[in-house]
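Just so you know, ligand 1 is whichever comes first in the structure, and atom 1 is the first atom listed for that ligand.
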Amino acid sequence: MSNPLILGVESSCDETAAAVLRGRTILSNVIASQADIHREFGGVVPELASRHHLEQIDLVIDLALRRAGVALADLDAVAVTYGPGLVGSLLVGIQTAKAIAWVRGIPLLAVNHLEGHLRSVGLENEVIPAPVVNLVASGGHTGLYLLDEDDRIVRLARTRDDAAGEAFDKVAKLLGLGYPGGPIVDRLAPTGNDTAVPLPPPRMSDGSMDFSFSGFKTAVLRHAQAKGLQQPYPAPAEPSQEARDLLASFQTSVVEFMVRRLMTVADAQGARSVCLSGGVACNSRLRRRAAEEAQRAGMNFFAVSRDLAVDNAAMIAEVGRRLLLRGETAPLALNAEPGLEL
Ligand code: KG4
Ligand code: ZN
């Protein structure tokens with residue numbers, strides 16, 4: 001079974017997603033986002049998320065199979081995210097995948113969502129010269145991972161508080177802008193002066209390469225309070241020039257902090273490639289700056305495409321494919337692990 005037909009299922013947060021892969025080829029990749037629902041509340045409401053997953057999941061899987069031109073009976077295996085994420089949301093995907101595995105008598109593959117983000121870059125780039133240092137930055141997680149010559153994954157840094165995407169979301173919310181905040185900040189930042197508000201990066205007293213974003217968030221809050229820039233959500237008017245300057249300063253400071261960490265660690269590891277993955281990898285400035293610094297360091301640079309950066313099931317099926325090749329199938333007693341780490 002060198003090119004297995006695998007259905008991937010993802011429901012860890014607010015995207016209900018299903019995808020079909022034949023080998024490494026994506027036959028379909030369907031994502032039903034709940035952003036419109038959670039936008040009303042300025043963030044993900046777990047109870048609503050699980051209910052909407054329940055409503056959507058059968059339709060999404062059906063569409064993924066139809067777009068791929070295959071039937072349930074054709075599948076060789078089903079891969080599902082079992083953590084990290086919201087427990088109620090995870091359970092919807094897990095129960096559905098288990099039902100398919102049981103009814104069809106095919107292997108169930110338990111996928112770590114973070115490994116999905118990490119491997120997403122490899123779906124689009126056949127060869128990524130190792131050692132690789134990959135920045136996984138999403139709404140729930142931020143870390144640096146080494147992929148060595150033997151394809152082993154080693155975590156080199158993590159965040160000590162908020163995730164990068166969470167910081168973008170909170171800053172946008174503070175100024176009364178929408179959800180998710182990352183794309184909004186990305187769009188508005190070029191209309192502001194990014195040197196207007198000094199936001200120094202955190203210093204780790206132990207010299208570690210871990211991330212921390214809460215200091216940026218607090219500094220933005222203080223500045224917004226001092227200048228009267230805070231707005232209830234949703235803001236009644238377009239953001240002022242001062243608000244745009246603050247957003248620009250925030251984005252530049254956070255991006256420079258992440259790029260510096262990424263390049264310092266990549267250098268120390270003797271990396272041949274650096275990668276960006278996770279929803280925050282959509283950020284235009286992060287993509288540009290990381291590409292520039294990688295080129296300067298003589299390293300290969302790969303950023304996941306925007307379609308595969310956000311939560312999707314193609315990356316879940318890809319990790320599933322690797323598990324299947326190694327014979328690492330999951331029992332039907334599989335449970336959700338909301339706090340799973342990588
Ligand atoms: O990977 P993802 O879809 O879901 C999680 O696993 O969390 O990431 C979502 C996060 C959100 O916090 C969102 O604001 C952020 O990715 N994001 C961005 C951009 N697009 C999405 N952050 C900065 N700039 C962007 N263009
Ligand atoms: Zn994610």
Query raised in the report: Is Arg187 in contact with ligand 1, taking contact as a heavy-atom separation below 4.0 Å?
Result: no

Query raised in the report: Where's the contact between His141 and ligand 1, heavy-atom distance under 4.0 Å: side chain, backbone, both or neither?
Result: neither

Query raised in the report: Do Asp162 and Ser214 have side-chain atoms, one donor and one acceptor, less than 3.5 Å apart?
Result: no

**Report entry** Element-labelled atoms of ligand 1 that are located less than 4.0 Å from some non-hydrogen atom of Gly140
**Finding:** 7 (O)

Report summary line: Correct closest heavy-atom pair for Gly122 and Arg24 would be O-NH2, 2.9 Å

Query raised in the report: Around the Zn ion (ligand 2), how many protein N, O or S atoms are there at under 2.8 Å?
Result: 3

Query - For atom 21 (C) of ligand 1, the option (of Ala172, Ala189, Gly279) bearing the nearest heavy atom - result: Gly279

Report task. Check whether any heavy atom of Pro183 sits under 4.0 Å from an atom of ligand 1. Result -> yes

Report task. Would you mind telling me if ligand 1 is within reach of the side chain of Asp186, the backbone, both or neither, using heavy atoms under 4.0 Å? Result -> side chain

Query raised in the report: Is Asp169 touching ligand 1 with its side chain, its backbone, both, or neither, if touching means heavy atoms under 4.0 Å apart?
Result: side chain

Query raised in the report: Between the side chains of Asn134 and His117, is a donor N or O closer than 3.5 angstrom to an acceptor N or O?
Result: no

Query - Atom indices of ligand 1 within 4.0 angstrom of His117 heavy atoms, with elements - result: 1 (O), 6 (O)

Report summary line: Taking only non-hydrogen atoms of Ala309 and a 4.0 Å limit, the atoms of ligand 1 in range are 1 (O)

